[in-house]
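In the text below, chain A, chain B and the rest are named by the order of the sequence lines, each starting its count at 1. Note that these values count all heavy atoms, side chains included, but never hydrogens, waters or copies made by symmetry.
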Amino acid sequence: MGCKLGSQVGYCVRFDDRTGPDTRIKYMTDGMLLREALLDPLLQRYKVVILDEAHERTVATDVLLGLLKAAAAGRPEGDLRLVVMSATLDTQKLTAYFQGSQAAYIAGRQYPVQVMYTPAPEESYVDAAITTALQIHCEEGPGDVLVFLTGQDEIEACERLLTDRAASLPPDPARLSLCVLPLYAALPPEAQLRVFERAAPGSRRVVLATNIAETSVTVPGVRFVVDSGMVKARAYSPRLGADCLQVVPVSQAQARQRSGRAGREGPGKAFRLYTEAAFAKLAPSTAPEILRTNLSSVVLQLKALGVRDVLGFDFLDPPPAPALVRSLELLLALGALTREGDLAHPIGTSLARLPVDPMFGRVLMASAELGCSEEALAVIAMASTDPVFQFPREKREEAAAAHARFASREGDHLTALAVFQRFVAQPRKQAAAWCREGFLNARSLAKARDIHAQLRGHFQALGLRLASCGDDATPLRQALVMGLFSHAARRQPGGTYRVLATGQDVALHPSSALARAGGARSGVPAVDAVVFGELVRTTRTYARDVTAIDINWLPQLVPNFFARAAAAGG
DNA sequence: CTCTCCCT
């Protein structure tokens, strides 16, 4: 457009707003537009909204679809124009949803990709992936190989096996050398950058990636894709109140997306490590995120947007009623909604403005009253970012020793507070080295620092009191109880913990500072009662981000909820 | 006895 960024054309993402009073075209994330809608539900300042990548069906995109439909109906005819762009979305479904809309098709720019299947099912997709990558390396022409796997552990194991097997190939001077590279989100930035450097002359790269390489990261030089057919996916169980993280088969749309990665620079080949019959049985597309996530934030946002009947909201794909009801119940218990289901003042209105989970927002509000908001802001910022402790396979003992410096007997929130405080005390120039030596994820900590600053700003704008509790963690643990009470659990004779609200038995996550207490060699007694940040179901159901509490605080601090839970036999 | 990926 020939103008300066941030003048007529700008962009806006969290922590980075490059727009100004003259901006006519604004690029923004779906989440940012949703935040703006809270202040302006009819989106009056926009004439045209283009919703790109709609096929990704993020929660924000799905809520926006409903919101934009309502905004168009609430504004004069033709006043708001909407363009929904999608690589794979079912157009009939969408044109039926937006009455009077039209579908237009635009051909993609892509080289042909030849898709191959295995003749019979594979026993192990990891073994098959290694064998296939080596076969490509020995038999195919030049071009890098992109292998889709499910997670960090699997990629690290595969990396070692593939390197070993490549080294033991019979020597062949005509063959390229092989360079194996991992790629996943938690990888340090400098390691991630290596996938953007093209292969050295005489060598071929094999990139072992999670689904980060499906859309977020484009690896240059790829002509061959190996698709394991599996993905690690999250699904929320409203019954358990837990996120289940499981390895599941990909959808057909996802398999096509993966294969397409071989055809960006020239004709390519995709090797699917499953049979054609198995492909035919896969789900056509991945279920939208709104059908498999905790909805408490979504429900609160809708209430703040003035939607009274959340169960009747016109979703493109309505979430299951029990999931919505459970969120309404939690918001009522937090004091965010009235008994009539309306947004309550000031708790509901404040929680809707804080860009964190409503339970975390409630912790912050309680901390203002209990005189520990400086600490709570840091704790909630840490709880809202990716895990900061790193455990490289080779240096596990060394990492554990480094992490032990921060460990608190009172649990993970206080441990996180200690890490955060030490991190922000580092001079900027030394922070990276300090993180590396301490086996801490610098990216996560930098994000926690940004979230902390943002939350602090919101906190003050809401008129909440900033105060420190110093070395006395009791008020902070009580503030955690006032937000996380639905995640309170009590120790059982076998050593598991029973969630009081649901009666479900869970284990402390092995990464927890409290998981080692109570063991024969720990010398520290196990704690009787805890609250936790979240439940994750992998091999077992684990409570993560756990803090020791006094069981007597529950009826004192949250009398309404615990009178009910006790009556229900919890 | 452990953490797919986005995003406010």
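Heavy atoms of A:S216 sit under 4.0 angstrom from primed sugar atoms or phosphate atoms, though from no base atom. If you check every strand for non-hydrogen atoms under 4.0 Å, A:I212 touches sugar and phosphate atoms only. Residue-level contact check: A:T150 touches the backbone only, with heavy atoms under 4.0 Å from sugar-phosphate atoms and none from bases. In this structure, A:T539 reaches the sugar-phosphate backbone alone: every heavy-atom distance under 4.0 Å involves primed, P, OP1 or OP2 atoms, never a base. As judged by a 4.0 angstrom heavy-atom cut-off over every strand, A:Q301 is placed among residues making no nucleic acid contact. Within the nucleic acid shown, A:V13 comes within 4.0 Å of sugar-phosphate atoms alone, with no base atom in reach, counting heavy atoms only.
The salt bridge (Lys or Arg N to Asp or Glu O under 4.0 Å) test applied to A:E122 returns no partner, not counting sequence neighbours. Taking A:D227 as the reference, A:R258 meet the salt bridge (Lys or Arg N to Asp or Glu O under 4.0 Å) condition, with sequence neighbours excluded. Applying the side chain to side chain donor-acceptor pair (under 3.5 Å) criterion to A:D505, with sequence neighbours excluded, gives A:R498. Under the rule for a ring-ring contact (aromatic ring centres under 6.0 Å, His included), A:Y497 has no partner lying at least two apart in sequence or in another chain. By the ring-ring contact (aromatic ring centres under 6.0 Å, His included) test, A:F423 pairs with no residue at all, sequence neighbours left out. Every residue two or more places apart in sequence or in another chain that forms a side chain to side chain donor-acceptor pair (under 3.5 Å) with A:S512 is listed here: A:D412.
Nearer the 5' end of DNA chain B, as judged by each residue's closest nucleotide, is the contact made by A:K232, out of A:K232 and A:P355. Nucleotides of DNA chain B nearest to A:G31 and A:R396 differ in position, and the one nearer the 5' end is that of A:R396.
Because its NZ or CZ atom is not both nearer than 6.0 Å to the ring centre of A:F406 and within 45° of the ring axis, A:R422 does not count as a cation-pi partner of that residue.
Applying the salt bridge (Lys or Arg N to Asp or Glu O under 4.0 Å) test to residues at least two apart or on different chains, none of the pairs has a partner in residues 345-360 of chain A.
Using a 4.0 Å cutoff to heavy atoms of chain A, the contacted part of DNA chain B runs 5' to 3' from B:dC1 to B:dT8.
For DNA chain B, the neighbouring residues in residues 182-195 of chain A, judged by any heavy atom under 4.0 Å, are A:Y184, A:A185.
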